[in-house]
A.B. asks: 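Have a look at the structure that comes next, please.
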Amino acid sequence: MSEINNNNPASQPTSATQSVEPLVKVIAVVATLGGLLFGYDTGVIAGALLFMKHDLHLTPATTGMVTSFLILGSAFGAISAGRMADRLGRRKIILIMAVVFLTGSLGCAMAPNVELMITFRFILGLAVGGAAAIVPVYIAEIVPANRRWQFVTLQEMMIVSGQLIAYVSNATINEIWGGEETWRWMLGVACVPAVVLWVGMLFLPDTPRWYAMHGRFKEARDVLKRTRDSRYVEREFNNIRSAVKPKREKSAQRNRTISVWMKRLVALGIGIAMIQQLSGVNTIMFYAPTMLQAAGMGTNASLIATIANGVISVLMTFVGIMLLSRFGRRPLLLTGQIGCTCTLVAIGLVTLLMPETVNGDPNMIRCWLVLAGMLVFLSFQQAALSPVTWLLLSEIFPLSIRGRATGLSVFAMQITNFTIALLFPTMLDHFGLPACFLSFAAVGIAGGIFVILCAPETKGKSLEQLEKHFREELQPSARV
């Protein structure tokens, strides 16, 4: 994949110094509550499992199902929300997802048995996937091009912040209340941000690009007036209008969506999405206390130690946002992939070569080295690999298929995530920590090769400029 020409004056962004209007900041904060819920609902299970396994009598197989069925639901939520978002609008889908978040959180907190827990985790997953697919698109389409990297990566910041809140909440609730049903309070806390998300989105507009795609140009201009410096409104409105055609006939729309260059771009998006999960990141986010227990730590110690994972994730996401302002997407993606893979090799070797016990007691040096390895892994993941992945998925697809293509990419990401989350407890039980970490490292090598060969550079371009570039780059007739 060749890089976009940054030396052509005609291709330069026209509003590189454009300021951000207050409404844009409000929109970003409210919309990314979906990311906060995504992070909380995926992170909270790490601690809840330690108590749930006794109360609901979980086996390794049902432990994997309780964890992974949220991810399975998120895969279908992403692909469904992506398709509906192109038709109904980004804002309406986020509103629907807020209601599903509330329903799923209440159902999980009150589930009397493992069957209903799995069912409500799947329902909750529908909202997680919908938010993962649509919130970055919503933000990317509504913020100025020169600040897109900053606001889209806010979604990643909210995801890791949600996970940190979950870890702190788990440890705090256990310390204050404890007991076999502690997990119910852990899961029920998610109802609060779900209500705030729903109320907040009631007062926000849809994106100018979605309005334009449906021929509602007056509303598109009105949103631009509210979210842009007045000097840039007409220029951006004209760019959007010239880049889109209103949907007039289903056959015409269908012909546009099956172009060869679009199919190739969707395949690229699926590949980028999958390598982020094949790093094994969510085995650490979901099962960190379980792995630390397997390495020799006690229950309370593993819960508290897991907070360090959340803290590092938040801090390194800040670092990633700063790095994106200086470096391109492609070098950061490659750095993250190489760093994660090397760290997995190191953790695998520590768990393979160091004894589990010393004089009959757990080998705490081994435990702390495993935790340190997790923190280094998360530093590469959250500073480079994850934020660039979400940013690229919000940027690379053309407007006419953006919702559906992003949904399909997130579907592939979450199916990968589901498979790993489902199988990991059984893998850990049968093969142990060394084999698990070294397996992810082997897959990471293949991911690094994919990034070298295929990852694009998109820094500094408007969505319309990117669409034009990819059409010219990927059209069969354009290649000699």
Side-chain angles (χ1 to χ4, degrees), residues 38-39 41-43 45-46 49 58-82 114 117-133 159 163 266-288 290-291 294 337 340-341 344 347-348 374 377-378 381 385-386 389-390 393 406-451:
F38 179 163
D41 287 319
T42 54
I45 199 66
L49 282 174
L58 299 182
T59 65
T62 54
T63 296
M65 292 177 69
V66 167
T67 304
S68 65
F69 264 63
L70 180 140
I71 308 305
L72 181 63
S74 72
F76 289 99
I79 198 167
S80 301
V114 68
M117 171 58 69
I118 291 170
T119 300
F120 279 107
R121 287 282 289 175
F122 180 85
I123 292 171
L124 188 58
L126 296 174
V128 167
I159 291 173
Q163 289 170 333
V266 171
L268 174 63
I270 289 172
I272 291 170
M274 288 181 66
I275 63 170
Q276 190 250 7
Q277 285 302 317
L278 289 170
S279 68
V281 58
N282 278 323
T283 59
I284 292 177
M285 303 313 288
F286 297 160
Y287 296 113
T290 302
M291 286 191 283
Q337 187 68 30
C340 287
T341 301
L344 288 169
I347 299 174
M374 289 180 179
F377 172 90
L378 289 173
Q381 179 77 34
L385 191 55
S386 287
T389 296
W390 289 111
L393 293 182
T406 305
L408 187 59
S409 298
V410 177
F411 174 83
M413 174 193 290
Q414 298 299 63
I415 284 292
T416 305
N417 191 0
F418 164 74
T419 303
I420 294 171
L422 178 65
L423 297 179
F424 184 78
T426 303
M427 288 175 60
L428 183 62
D429 187 54
H430 283 77
F431 304 110
L433 281 176
C436 293
F437 282 116
L438 293 174
S439 296
F440 287 123
V443 176
I445 294 172
I449 295 171
F450 174 86
V451 172

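One-based numbering along the sequence shown. The structure presented is a predicted model; accordingly, all values stated were derived computationally and were not measured.
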A.B. asks: Please find the pair of heavy atoms, one from Ala78 and one from Val410, that lie closest to each other, and give the distance.
C.D. replies: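 Minimum heavy-atom separation between Ala78 and Val410: CB-CG1, 3.5 Å.
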A.B. asks: Closest heavy-atom contact between Leu385 and Cys340?
C.D. replies: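 For Leu385 versus Cys340, the nearest heavy atoms are CD2-SG, 4.3 Å.
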A.B. asks: Answer whether the closest heavy-atom distance between the side chains of Val443 and Thr341 falls below 4.5 Å.
C.D. replies: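 No. Closest side-chain heavy atoms not under 4.5 Å.
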A.B. asks: Which heavy atom in Ala81 sits nearest to a heavy atom in Gly130, and how many Å separate them?
C.D. replies: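 So the minimum-distance heavy-atom pair works out to CB-CA, 3.6 Å.
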A.B. asks: Let me confirm one number: the CH2-OG distance from Trp390 to Ser386, rounded to the nearest 0.5 Å.
C.D. replies: 8.5 Å
A.B. asks: Say you draw a straight line from CZ of Phe437 to CD1 of Ile347; how long is it, rounded to the nearest 0.5 Å?
C.D. replies: 4.5 Å
A.B. asks: Are Gln414 and Ser74 linked by a side-chain donor-acceptor pair shorter than 3.5 Å?
C.D. replies: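 Ser74 and Gln414 do have a side-chain donor-acceptor pair below 3.5 Å.
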A.B. asks: So how far is it from Phe418 CZ to Gln277 CD, rounded to the nearest 0.5 Å?
C.D. replies: 13.0 Å
A.B. asks: Does any N or O in the side chain of Thr59 come within less than 3.5 Å of the main-chain N or O of Thr62, such that one atom is a donor and the other an acceptor?
C.D. replies: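 Between the backbone of Thr62 and the side chain of Thr59 there is a qualifying donor-acceptor contact (under 3.5 Å).
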A.B. asks: Is it true that a side-chain atom of Ser80 and a backbone atom of Phe76 form a donor plus acceptor pair closer than 3.5 Å?
C.D. replies: yes
A.B. asks: For residues Met413 and Leu393, report the shortest heavy-atom separation together with the two atoms involved.
C.D. replies: CE-CD1, 4.1 Å
A.B. asks: Checking side-chain polar atoms at under 3.5 Å, does Gln337 have a donor or acceptor matched by the opposite partner on Ser279?
C.D. replies: no
A.B. asks: Could you tell me if the side chain of Ile270 sits less than 4.5 Å from the side chain of Phe411, heavy atoms only?
C.D. replies: no
A.B. asks: Would you name the heavy atoms of Val266 and Ser409 that are closest together and state the gap between them?
C.D. replies: O-OG, 4.3 Å
A.B. asks: Could you walk me through whether Ile272 and Val451 pass the side-chain contact (heavy atoms from CB on, under 4.5 Å) check?
C.D. replies: CA-CA 8 Å; Ile272 291 170; Val451 172; over 6 Å; no
A.B. asks: Does Ile71 reach the side chain of Ile415, with side-chain heavy atoms less than 4.5 Å apart?
C.D. replies: no
A.B. asks: Taking all non-hydrogen atoms of both residues, which atom of Val66 and which atom of Arg121 are closest, and how far apart?
C.D. replies: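 Val66 and Arg121 have their closest heavy atoms at O-NE, 2.9 Å.
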A.B. asks: Using the rule given for side-chain contact (heavy atoms from CB on, under 4.5 Å), can you reason through Leu70 versus Ile123, listing the C-alpha separation, both sets of side-chain angles and the distance that settles it, and then say yes or no?
C.D. replies: CA-CA 7 Å; Leu70 180 140; Ile123 292 171; over 6 Å; no
